[in-house]
Amino acid sequence: MSWGTELWDQFDSLDKHTQWGIDFLERYAKFVKERIEIEQNYAKQLRNLVKKYCPKRSSKDEEPRFTSCIAFFNILNELNDYAGQREVVAEEMAHRVYGELMRYAHDLKTERKMHLQEGRKAQQYLDMCWKQMDNSKKKFERECREAEKAQQSYERLDNDTNATKADVEKAKQQLNLRTHMADENKNEYAAQLQNFNGEQHKHFYVVIPQIYKQLQEMDERRTIKLSECYRGFADSERKVIPIISKCLEGMILAAKSVDERRDSQMVVDSFKSGFEPPGDFPFEDYSQHIYRTISDGTISASKQEIGKVDAKTTVGKAKGKLWLFGKKPKGPALEDFSHLPPEQRRKKLQQRIDELNRELQKESDQKDALNKMKDVYEKNPQMGDPGSLQPKLAETMNNIDRLRMEIHKNEAWLSEVEGKTGGRGDRRHSSDINHLVTQGRESPEGSYTDDANQEVRGPPQQHGHHSEFDDEFEDDDPLPAIGHCKAIYPFDGHNEGTLAMKEGEVLYIIEEDKGDGWTRARRQNGEEGYVPTSYIDVTLEKNSKGM
């Protein structure tokens, strides 16, 4: 099936058909362009949606902790990746389909124009040959009529007796002339006719079939290109389906990661105050003064005073516990977090200690690096001046000392809030202090009082603020021993919170070295404090119990 043989006389129809094919190609290109815009807008809207609902991580406290929140933010991340794949689809369509279509349409227009110009030229050449043949034909016909007229004129004069011989001779010459011209035009017409027939045969059997074949091939290539673009249009999205499937699988995994038990535990960890439930209020007997006699006035007074002290103390404790259910005490945030409930205060202090330990490790690493550099400079003076590192080294040492002090201070607060006796043991370095504490916690009548303000406060970190939770932790059990140690060197323990020891003395270990170079220890008499880890030989015993 060939256009050249089947459609030899349909040049105008082929002209319209090839133009329609290019218009259809451009229409499909416009469709792809609009689809690209839809994908781009869809991806943009998805990214804006993700950005709108993603957490603003301005501080660590705002980071999600609940599994349901973490799952939602993981879903947002997957959706952001999904939006990226929609952008990939748009880019692939723009490059592989739309861009290719626009380039091909331009080339197709140029090729079509060239083929149609060749067809028109061939048709014009055939028309010119036909006109030449037709002109020679008309001229031959005209000359034949003139020769016929000359023949009739000659015959009329030859038969006319009145005609002169000269007239007859002239008519004969005219007849011969016209006959000769008719013969020449006949030969010309025959030649032109033969030439036209040859050109016409060549036109319809060679030239036009060749041009129409090229047009047919061009149109078939256009159809093939459309087919390729159709596949490319689908492949652009099919390529990203595996990644999109992974995004959806990630969303499903995020949904499966939600743990209601863990979230419930986080609620407890976030809001647990550490208070004990309030106890029963004591009965306050105001009628006992009715039965008081003069003889036992002193004893009654002592009992009444004791009763008053106990009642006030008990009520004070109850109020200290019940503030959680009423209004929280107002005031600025304190350095020791004593404005927080015990459990929340413990968490904050532990976080601060961890951060300080990380900073201490960084400073220690920097100190080691500076010392190594200093050694290199001392061995190779041409590389640098060792003295130039001294200011930075001194600054690093100051930072290390400051961080260690901060760590000790916060650990003392942490021990206090955890109800460890070590926090108070650090403040009891001598029997004098113990004696003062004992006296300070006993009333003149010999009754025990819970007034925490009378207790000797060792750590200066209290800043004069009395924690209303102290009464809750006064009677907690001491920390259990996790091992024992033997003093390799003597230690005077003059600093607050430290424990003096003699060489060869055996102590109980109640808290391991946390990386700051200090270990918490206890004597057999209950006195506790920190000792240098490098001064002792530690043996940990997992099953050992505290004294």
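Scope of the values below: all heavy atoms of this structure, side chains included, with no hydrogens, waters or symmetry mates.
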Val168 versus Leu157, closest heavy-atom pair with distance: CG2-O, 3.5 Å

Can you tell whether the side chains of Lys362 and Glu359 come within less than 4.0 Å, N to carboxylate O? no

Would you call Arg35-Glu39 a salt bridge at under 4.0 Å N-O? yes

Hey, does Arg120 have a side-chain heavy atom less than 4.5 Å from the side chain of Phe11? yes

Do the ring planes of Tyr230 and Tyr28 sit parallel (below 30°), tilted (30 to 60°) or perpendicular (above 60°)? perpendicular

Under 3.5 Å, side chain of Thr18 to main-chain N/O of Leu14, donor-acceptor pair present? yes

Look at atom CD of Gln265 and say whether more than 12 heavy atoms of other residues, nucleotides or ligands are closer to it than 6.0 Å. yes

Which atom names give the shortest non-hydrogen contact between Leu360 and Gly515, and what distance separates them? CD2-O, 4.4 Å

Less than 4.0 Å between a side-chain N and a carboxylate O, is that true for Arg96 and Asp235? yes

Using a 4.5 Å cut-off on heavy atoms from C-beta on, say whether the side chain of Lys392 contacts that of Glu395. yes

For the CG atom of Asp269 and the CZ atom of Arg262, what is their distance to the nearest 0.5 Å? 10.5 Å

Within a strict 4.5 Å, meaning less than it, do heavy atoms of the Asp81 and Ile243 side chains meet? no

Any donor-acceptor N/O pair, Asn41 side chain to Glu37 backbone, under 3.5 Å: yes

Which pair of heavy atoms, one from Thr67 and one from Ser257, lies closest together, and at what distance? CB-O, 3.9 Å

Are side-chain N/O atoms of Gln361 and Asn357 paired as donor and acceptor at under 3.5 Å? no

salt_bridge(Arg221, Glu111) N-O dist < 4.0 Å: yes

Over 12 foreign heavy atoms within 6.0 Å of NZ, Lys137: no

Taking the basic N atoms (NZ, or NE/NH1/NH2) and the acidic carboxylate oxygens, is any pair closer than 4.0 Å for Asp127 and Lys131? no

Below 4.0 angstrom, N of the basic side chain to O of the carboxylate: do Glu100 and Arg103 qualify? yes

For a quick test of reading the model, state the closest non-hydrogen atom pair linking Arg352 to Trp413 and the distance between them. NH1-CZ3, 3.7 Å

To the nearest 0.5 Å, tell me how far Thr396 OG1 sits from Leu370 CG. 5.0 Å

Any chance you could lay out the side chain to side chain contact (heavy atoms under 4.5 Å, CB included) test for Gln216 and Ser2, step after step, and finish with the verdict? CA-CA 8 Å; Gln216 182 179 358; Ser2 174; 4.1 Å; yes

Among Gln210, Gln214, Glu217, which residue satisfies the side-chain hydrogen bond (donor to acceptor under 3.5 Å, both in side chains) criterion with His115? Gln214

Is the shortest heavy-atom distance from the side chain of Arg145 to the side chain of Arg142 under 4.5 Å? yes

First locate atom CD of Glu143, then atom CE of Met181, and finally report the distance between them rounded to the nearest 0.5 Å. 4.0 Å

Gln350 and Asp354 side chains, donor-acceptor separation under 3.5 Å: yes

Would you check if the side chain of Asn380 reaches a backbone N or O of Gln382 as a donor-acceptor pair within less than 3.5 Å? no

Could you go through Asp15 and Arg112, starting from their C-alpha distance and side-chain angles, then the distance that decides it, and tell me whether this counts as side chain to side chain contact (heavy atoms under 4.5 Å, CB included)? CA-CA 9 Å; Asp15 185 359; Arg112 173 181 175 273; 2.3 Å; yes

Counting only heavy atoms not in Arg238 (residues, nucleotides, ligands), do more than 12 fall under 6.0 Å from its CZ? no

Are side-chain N/O atoms of Asp23 and Gln19 paired as donor and acceptor at under 3.5 Å? yes

Are the side chain of Ser227 and the backbone N or O of Thr223 linked by a donor-acceptor pair below 3.5 Å? no

Can a salt bridge be assigned to the pair Arg86 and Glu237 using a cut-off of 4.0 Å between side-chain N and carboxylate O? yes

Evaluate side chain to side chain contact (heavy atoms under 4.5 Å, CB included) for Thr110 paired with Asp107, printing each intermediate quantity in order. CA-CA 5 Å; Thr110 304; Asp107 297 339; 5.5 Å; no

What pair of heavy atoms forms the shortest contact from Trp3 to Tyr212, and how long is it? O-CD2, 3.6 Å

To the nearest 0.5 Å, what is the distance between SG on Cys247 and CD1 on Ile252? 11.5 Å

Hey, does the side chain of Ser136 reach the backbone of Met133 with a donor-acceptor pair shorter than 3.5 angstrom? yes

With side chain to side chain contact (heavy atoms under 4.5 Å, CB included) as the test, would you mind laying out the steps for Glu155 and Gln151 before giving the verdict? CA-CA 6 Å; Glu155 289 178 353; Gln151 178 70 27; 2.7 Å; yes

Can you find a pair of side-chain heavy atoms, one from Lys374 and one from Gln390, that are under 4.5 Å apart? yes

Taking the side chain as everything from C-beta on, heavy atoms only, tell me whether Lys225 gets closer than 4.5 Å to Cys229. yes

Interatomic distance, CD@Glu228 vs CD1@Ile224, rounded to 0.5 Å, equals 7.0 Å

Tell me, do Tyr82 and Gln85 make a side-chain contact under 4.5 Å, heavy atoms counted? no

Are Glu92 and Lys239 within salt-bridge range, i.e. N to O under 4.0 Å? yes

Carboxylate-amine/guanidinium contact Glu411 Arg520, below 4.0 Å: no

If you compare all heavy atoms of Leu356 against all heavy atoms of Glu406, which two are closest, and at what distance to 0.1 Å? CD1-CB, 3.8 Å

Is His17 atom NE2 crowded by more than 12 heavy atoms from other residues, nucleotides or ligands, each under 6.0 Å away? yes

Please tell me whether Glu355 and Gln351 have a donor and an acceptor in their side chains that are separated by less than 3.5 angstrom. no

Compare all side-chain heavy atoms of Glu26 with those of Lys109 and state whether any distance is below 4.5 angstrom. yes

Could you grab the distance from atom CD1 of Ile22 to atom CG of Leu108, nearest 0.5 Å is fine? 4.5 Å

